[in-house]
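Proteins get letters first, then strands, A, B, ... in listed order; numbering begins at 1 in each.
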Protein chains: 2
Amino acid sequence: MARKPADQSVNKMDILLAAADVLRRNGYEATTMKDIAAQVNLTAASLYHHFKSKDFLLLSVLETGLQVAIDQMERILHTPQPCADRLRAMITGHIVDVTANPAVGAAMVFEIRSLMNARPGIAGSIHSDAAFIERRDAFFRQRDAFENLFRRIIKEGIAAGEFREVDAAVFTRAMLGAHNWVGVWYRPGGRLTGQEVAAIMADTFITSLTGGLAEGQPAPLHRAQPGR
Amino acid sequence: MARKPADQSVNKMDILLAAADVLRRNGYEATTMKDIAAQVNLTAASLYHHFKSKDFLLLSVLETGLQVAIDQMERILHTPQPCADRLRAMITGHIVDVTANPAVGAAMVFEIRSLMNARPGIAGSIHSDAAFIERRDAFFRQRDAFENLFRRIIKEGIAAGEFREVDAAVFTRAMLGAHNWVGVWYRPGGRLTGQEVAAIMADTFITSLTGGLAEGQPAPLHRAQPGR
DNA sequence: ATTATAATTAAATTCTGATTAGATTATTCC
DNA sequence: GGAATAATCTAATCAGAATTTAATTATAAT
């Protein structure tokens, strides 16, 4: 046919990564197409060759980030280890992802709402586009599925007697809130690596579930000295 | 002097609450002065009688929300109870606040970045206003102070032997991430009340620190059955 | 009642930013 | 080399939004 990805051309993935980065800094509404374009040495108009609209671009960023995370979790989940070990792997996997690419991680936290509000017809987005709504809803289903992966293994661990009885829904959200927040405060090159942060966080939640008594990494416990 | 708060007039606090609500739904950039004004039956122009600019309005929303939280924490903190009990009170206090007013809670999560980016001179905000920068920086100092309240009591608990040794910085952020996230998913009238959510969350983190062995609420623990 | 001022408004101003239209340039296939 | 198409650009278009200005209305104190 014609022109291939060459020197001056960028592909969609380049744009998505650049967009994620700009989004992390500025947020969806404050990010202009020009900002994103500048990041990959294009003009705003050029972006419309790759994406139908700003909304679709955002959606693509989020879809990509989420899919990576889900794939990884699924892989871990179907492993024949104790629940605690699998959960530990899931937590560290997720957090390492987030620290490796804080832009996407932060977008996942902050831009969800913009996506929800990208209502067709309503001032702002002009998508009478059923296509958009459909893809957006699919994204939200995926996100729920992601949350469910965690919820499920917690329930499994409780059923197996590995974990104490907790409210799986709230516990899961506490975890995911903590994970998501990492994308906000984590800075590469700081005191801790992504791996280290991940290990600490996993320890935090696994200890909460097992009381620090079960298998897994050692979780040194000072016996409480009642009464301060 | 003249006109007092009467029928048609609204006071600043009315506007702040309304603004928090609109902000939660739309986010800072997507929220127009008109949106906020409509919420209190005013026109956009009227808001400028009460607030110097949109940035100042946002800042006021956040300041108010944070101050409420800090006051409450301080009160709890200077109580002569074991660290675990004080921490529990702090967690539940914070989360009940968030669930009682998810708008402010969510703003605290989502709008922080808009506030950071409200740079004077830079396209968008026109504050060459040193006043704005000063107040904004003061806000960030307050936010750090808030985080420190939690960090401090964790360290105190570790020193007292009540808590196991954790990385206080990361643990604190895990907690606050979980708390903040509540403002995002919590819906009044759902399965759980704010109090219930708060209790579960407090339990989650305190158990992680004490191994469920110390004082405090009972944290039933199924002995792990090693090897699934 | 008069006056001073607080609260509000409608209308104008000015900018920014998403999106479109119409070329232009580069690349591959024949 | 020519045809077809991809990738990009420049220059409009167009709407929405923050802020300003210049009135207008209401209230309290004198």
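Nucleotide dA6(D) holds its P atom 18 Å from the CG atom of Leu47(A), rounded to whole Å. Per the geometry, CZ belonging to Phe56(A) stands 15 Å off C1' belonging to dA18(C), to the nearest Å. In this structure, CZ of Phe51(B) is placed 19 Å from C1' of dT20(D), rounded to the nearest angstrom.
Comparing dA10(C), dT20(D), dT20(C) by their closest approach to the side chain of Tyr48(B) singles out dT20(D). The side chain of Ala44(B) approaches dT19(D) more closely than any other nucleotide in the set dG17(C), dT19(D), dT19(C). Out of dT8(C), dA10(C), dA18(C), the shortest distance to the side chain of Thr32(A) is found at dA18(C). Nearest nucleotide to the side chain of Ser53(A), out of dA21(C), dT19(C), dT9(C): dT19(C). Comparing dT8(D), dA11(D), dT21(D) by their nearest atom to the side chain of Ala45(B) picks out dT21(D).
Side-chain nitrogen and oxygen atoms of Thr43(B) include at least one within less than 4.0 Å of the OP1 or OP2 phosphate oxygen of dT9(C). At least one side-chain nitrogen or oxygen of Lys54(A) sits closer than 4.0 Å to the OP1 or OP2 atom of dA18(C). The phosphate of dT8(D) has OP1 or OP2 within less than 4.0 Å of a side-chain N or O from His50(A). At the phosphate of dT8(D), neither OP1 nor OP2 sits under 4.0 Å from any side-chain N or O atom of His49(A).
Taken over five-pair windows at either terminus, the axes of the helix from dA1(C)-dT30(D) to dC30(C)-dG1(D) are inclined to one another by 20° (rounded to 10 degrees).
When the options Phe51(B), Phe132(B), Phe139(B), Tyr48(B) are evaluated for a ring pair (Phe, Tyr, Trp, His ring centres under 6.0 Å) with Phe56(B), the one that passes is Phe132(B).
Side-chain rings of Phe205(A) and Phe205(B) approach one another, their centers coming within less than 6.0 Å.
Under 3.5 Å, the side chains of Arg135(B) and Ser60(B) contain a donor-acceptor pair of N or O atoms.
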